[in-house]
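Data block below; observations after.
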Amino acid sequence: MTAQTAAGRTPLIAGNWKLNLDHLQAIAFVQKLAWTLKDARHDFGAVEVAVFPPFTDLRSVQTLVSSDDLPIRFGGQDCSEHDSGAYTGEISAAFLAALDCRYVIVGHSERRQYHGETDEQLAGKIAAAHRHGVVPVLCVGETAEDLETHGPSAVPVAQLRAALAGVVAGQEIVVAYEPVWAIGSGQAATSDQAQQVCAALRATLVEVLGEEASAATRILYGGSVKAANVAGFMAQPDIDGALVGGASLQLEEFASIVRYQKHVGTV
Ligand code: 13P
């Protein structure tokens, strides 16, 4: 039995570590994760597992993953829109590519909120990622206030449209729908709510990039994902994975999220 979604997209279960785990803790965690998922490798070969550690961990994670040939992908939590230059504190997508990062998160709500990142800047970051062969994981999502004022889909759809300004069909992108009110709150969206917004995001992808590119694009849900609710999200036709924050730091919980197929029927 393969783990592909009904639409043939490979599910992606990704852990965003945020500002947690230094490089030594990262090595220990990834080693244990790989060990825990050893059986899952056989049963769930088509589930892609990725972690997003802090920048200072990436070299250690890369060395571990490549030397032990682990089936775990990794990426940066952000990148600059610039490739190099006088931009103190920035990390370029070229540097991430040099460390074998497959992905980079772009536009997480914590970056939008605490660092004032604009849609225009995010379009630049996506272009930078694509220039260096790194797949952007674009986060979109509404605040509780947006939800009240504009309804569920308007803000995430507008954010997606703006970020896609320079993207053309054939350039891979992953979209993560993360309602801001659900992040770290313990209050996940219901799977129906999440599906409704993800369907609107997919319709936008069709409009901007065309039917084929939209059908190939993975849309993840993020916001208080746990082992107990992941199967409900994964059963939705337009949800192809999860971007997990807090629960991705708990080994058994994250492994159980990766094995979501085992709990189908329990929600
Ligand atoms: P939580 O899973 O802790 O709600 O965080 C979600 C998130 O922000 C992932 O990027």
Side-chain angles (χ1 to χ4, degrees), residues 11-21 25-26 29 33 47-55 57-58 61 72-79 96 101-115 117 122 125-126 129 134-144 146-147 155-156 159-160 163 173-191 193-194 197-198 201 218-234 236 239-260 263 267:
L12 174 60
I13 302 291
N16 174 10
W17 293 1
K18 307 190 181 187
L19 183 49
N20 294 290
L21 306 186
Q25 294 168 318
F29 187 92
L33 182 63
V47 179
E48 207 185 327
V49 180
V51 293
F52 291 87
F55 288 133
D57 299 2
L58 286 172
V61 171
I72 293 175
R73 293 235 161 93
F74 52 91
Q77 295 177 13
D78 182 36
C79 71
L96 297 179
C101 286
R102 167 116 171 87
Y103 297 107
V104 61
I105 295 175
V106 170
H108 191 280
S109 62
E110 287 148 17
R111 303 277 330 160
R112 294 179 192 257
Q113 191 184 342
Y114 306 137
H115 302 270
E117 293 191 356
L122 300 179
K125 291 182 181 214
I126 289 173
V134 180
V135 176
V137 178
L138 170 72
C139 299
V140 297
E142 80 288 358
T143 63
D146 293 333
L147 183 62
V155 167
Q159 289 173 336
L160 176 62
I173 183 165
V174 175
V175 179
Y177 168 53
E178 299 207 310
V180 180
W181 48 268
I183 294 176
S185 67
Q187 185 86 55
T190 66
S191 48
Q193 270 175 322
V197 178
C198 291
L201 294 172
R218 289 175 295 179
I219 302 180
L220 317 181
Y221 168 78
S224 297
V225 171
K226 320 183 260 271
N229 61 21
V230 65
F233 293 114
M234 295 307 291
Q236 301 297 325
I239 300 179
D240 308 303
L243 186 55
V244 187
S248 75
L249 299 166
Q250 298 164 30
L251 184 69
E252 290 300 333
E253 184 75 8
F254 187 60
S256 181
I257 292 171
V258 171
R259 292 172 169 151
Y260 68 89
H263 18 117
V267 287

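Start at 1 with the first residue, then count along the sequence. Everything quoted here is computed from the prediction, not taken from an experiment. Atoms within each ligand, like the ligands themselves, are counted from 1 in listed order.
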- Item | Within-shell test, K18 vs ligand 1, heavy atom, strictly < 4.0 Å | yes
- Query: Heavy-atom contact under 4.0 Å between S224 and ligand 1?
  - Reply: yes
- Salt-bridge contact E117-R111 (side-chain N to carboxylate O under 4.0 Å): yes
- Message: Strictly below 4.0 Å, N to O, side chains only: are E110 and K18 in salt-bridge contact?
- Response: yes
- Could you pull out all residues at least two apart from R73 that satisfy salt bridge (charged side-chain N to carboxylate O under 4.0 Å, His left out)? E48
- Task: Do me a favour and list the nearest non-hydrogen protein atom to atom 9 (C) of ligand 1 with residue, atom name and distance?
- Result: E178 OE2, 2.9 Å
- Note on the structure: Closest to atom 6 (C) of ligand 1 among protein heavy atoms sits G245 N, 3.7 Å
- Message: Heavy atoms only, cut-off 4.0 Å: how does N16 contact ligand 1, side chain, backbone, both, or neither?
- Response: side chain
- Item | Rounded distance [0.5 Å steps], CZ in F52 versus CZ in F74 | 10.5 Å
[X], any N or O under 3.5 Å of ligand 1 N or O:
{"X": "V244", "value": "no"}
{"X": "G246", "value": "yes"}
{"X": "G223", "value": "no"}
{"X": "E110", "value": "no"}

- Task: Please identify which atoms of ligand 1 are closer than 4.0 Å to at least one heavy atom of L243.
- Result: 9 (C), 10 (O)
- Message: Check the orientation of F29 and W17. Use parallel for under 30°, tilted for 30 to 60°, and perpendicular for over 60°.
- Response: perpendicular
- Message: Could you tell me if Y177 and Q159 have a donor-acceptor pair between their side chains, going purely by distance under 3.5 Å?
- Response: no
- Message: For the residue pair H108 / E178, report whether a side-chain donor-acceptor contact shorter than 3.5 Å exists.
- Response: yes
